[in-house]
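Working notes for the structure below.
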Amino acid sequence: MEQAGPQTGTQGASSSPGSQAAPLSTVVRVRSLLPSLPPAERRVAQRVIDDPEGVANSTITELAQNCGTSETTVIRFCRAIGFHGYPELRLTLATEAGRAQSATGGRVIGSDISPDDSLEQIVEKVTFADARAVEETAAQLDIKTLEQVVDAVVAANRVDVYGVGASAFVAMDFQQKLHRIGRVCSAWSDAHIMLTSAAVLGQGDVAVGISHTGATVETIDALEVAKGRGAVTVALTNFPKSPIAEVAHLVLTTAARETTFRSGATASRLAQLTVVDCLFVGIAQRTYGPTRKALEATFEAVRGRTVRPDRRRR
């Protein structure tokens, strides 16, 4: 029998758009919901993502024409992302665009790289985008859901973490962190091993599936098997309404933006690691005494593996 786990939840799904403090939080939310929108509404969403300031300065008729759709579709889109109508969306986008300009000192720092950018501009754009990925992920992270995941992992007999591709590195990072403080945890990236691992989980265990798109078949299948065995399932994804959310009791979301040279292997991994770090520290704090002892023991175990001062070149 399937365990009655906690309800799936994300902050973005329950809070109003204006309640989030981070600049361009509306763009973050629209980006996370993009794959789940109907095609016509998706065109409107993409325009908001690509040019939020331009949308803020457009009438509903102009926006509808630019997106090749109707004013009714624009209104449906506004309601789908939590606004009462288009005027509220315009006002919020204008306010957030102003905050973003203030945060960058009036400079426009595009997140994409153009062929004519200098190396200095590339460094500026990359570091700005990395910082925004962390800030925006933190701003939209549902603390209540994070706390539920911490509770589940602390009480777990065993934790299995699933991820393929770039997400596999994040899964291994989480496994290494938990292993160092004495938690029984394994990370798997092979499709067959993920399934066999999930098949032997049960009540009192936790399965964590990591997928930026939320549509990685191997990770979804493993999480579904684990859920069927009675384990508490957790998804870490950039898209709260993606397929992986349907097989997860708890959903934690990131807010990574992908560009030409910064695919899922870079920006999403940074955002995922931010959530993993928050989750790990929450678990470590909850088990403070044993965690301190485990960290001291593991530190002692590897302390002798560093080069001694007298062996260094002079």
Side-chain angles (χ1 to χ4, degrees), residues 8-13 15 20-36 45 49 96 100 103 109-113 123-147 149-150 161-178 187 189 208-216 219-220 223 234-245 248 250-283:
T8 299
T10 59
Q11 186 180 35
S15 60
Q20 301 192 28
L24 297 182
S25 59
T26 298
V27 175
V28 172
R29 174 160 168 69
V30 171
R31 192 188 306 124
S32 73
L33 296 175
L34 185 64
S36 64
I49 293 169
E96 292 174 347
I109 304 177
S111 60
D112 213 345
I113 307 297
V123 170
E124 185 177 37
K125 288 183 177 182
V126 168
T127 54
F128 178 78
D130 284 351
R132 288 301 299 275
V134 173
E135 292 169 358
E136 291 175 347
T137 292
Q140 59 79 57
L141 188 60
D142 187 342
I143 303 302
K144 182 178 179 181
T145 301
L146 183 68
E147 186 174 15
V149 178
V150 170
V161 191
Y162 310 126
V164 299
S167 295
F169 296 107
V170 180
M172 287 187 288
D173 180 81
F174 190 34
Q175 185 271 339
Q176 187 270 340
K177 284 181 167 67
L178 291 183
S189 59
V208 181
I210 303 174
S211 170
H212 172 72
T213 63
T216 306
T219 307
I220 294 170
L223 215 59
V234 179
L236 175 55
T237 179
N238 207 69
F239 304 101
K241 292 188 177 182
S242 56
I244 199 171
L250 299 164
V251 180
L252 295 171
T253 55
T254 56
R257 60 183 76 191
E258 305 303 346
T259 59
T260 305
F261 297 111
R262 296 183 57 73
S263 62
T266 51
S268 65
R269 188 168 70 240
L270 183 65
Q272 289 167 350
L273 287 170
T274 298
V275 177
V276 164
D277 282 348
C278 293
L279 182 57
F280 167 72
V281 173
I283 295 165

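All values derive from a computational prediction rather than experimental measurement. Along the sequence shown, the residues carry numbers beginning at 1. Side-chain atoms are counted along with the backbone in the values below, which use heavy atoms only and exclude waters and symmetry mates.
A255 approaches A271 most closely through the heavy-atom pair N-CB, 4.4 Å. Closest non-hydrogen pair, S242 versus T237, comes out as OG-OG1, 3.7 Å. Looking at every heavy atom in both residues, P240 comes nearest to A245 through O-CB, 3.2 Å. Closest of all the heavy-atom pairs between V123 and T127 is O-OG1, 2.8 Å. Of all non-hydrogen atoms in D173 and D277, the two that sit nearest each other are OD2-OD1, 4.4 Å. Contact between T219 and G209 at its shortest, heavy atoms only, is CG2-CA, 3.6 Å.
Of the possible donor and acceptor atoms, none in the side chain of T137 sits under 3.5 Å from a partner among the backbone N and O of V134.
Taking CG of L273 as the reference point, atom CD1 of I210 lies at 8.5 Å (rounded to 0.5 Å). Rounded to the nearest 0.5 Å, atoms CG (L223) and OG1 (T216) are 11.5 Å apart. How far CZ of F239 is from OG of S211: 9.5 Å, rounded to the nearest 0.5 Å. Distance check, rounded to the nearest 0.5 Å: OH of Y162 to CD1 of I220 gives 14.0 Å. Here CG of L250 is found 11.0 Å from NZ of K144. Values are rounded to the nearest 0.5 Å. To the nearest 0.5 angstrom, R31 atom CZ is 11.0 Å from L33 atom CG.
Using a 4.5 Å heavy-atom threshold, the side chains of N238 and T213 count as separate. Between C278 and L146, the closest side-chain pair of non-hydrogen atoms falls below 4.5 Å. Residues T253 and Q140 are in side-chain contact: their nearest non-hydrogen atoms beyond the backbone lie under 4.5 Å apart. Residues L236 and V276 have side chains in contact (heavy-atom distance under 4.5 Å, counting atoms from C-beta outward). A 4.5 Å side-chain heavy-atom check between L252 and L141 finds at least one atom pair inside the cut-off.
No donor-acceptor contact under 3.5 angstrom links the side chains of T254 and Q272, judged on distance only.
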Is there a side chain to side chain contact (heavy atoms under 4.5 Å, CB included) between M172 and K177? Walk through the geometry before answering. CA-CA 9 Å; M172 287 187 288; K177 284 181 167 67; over 6 Å; no
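Under the side-chain contact (heavy atoms from CB on, under 4.5 Å) test applied with V170, the options H212, R269, Q175 reduce to a single match, R269.
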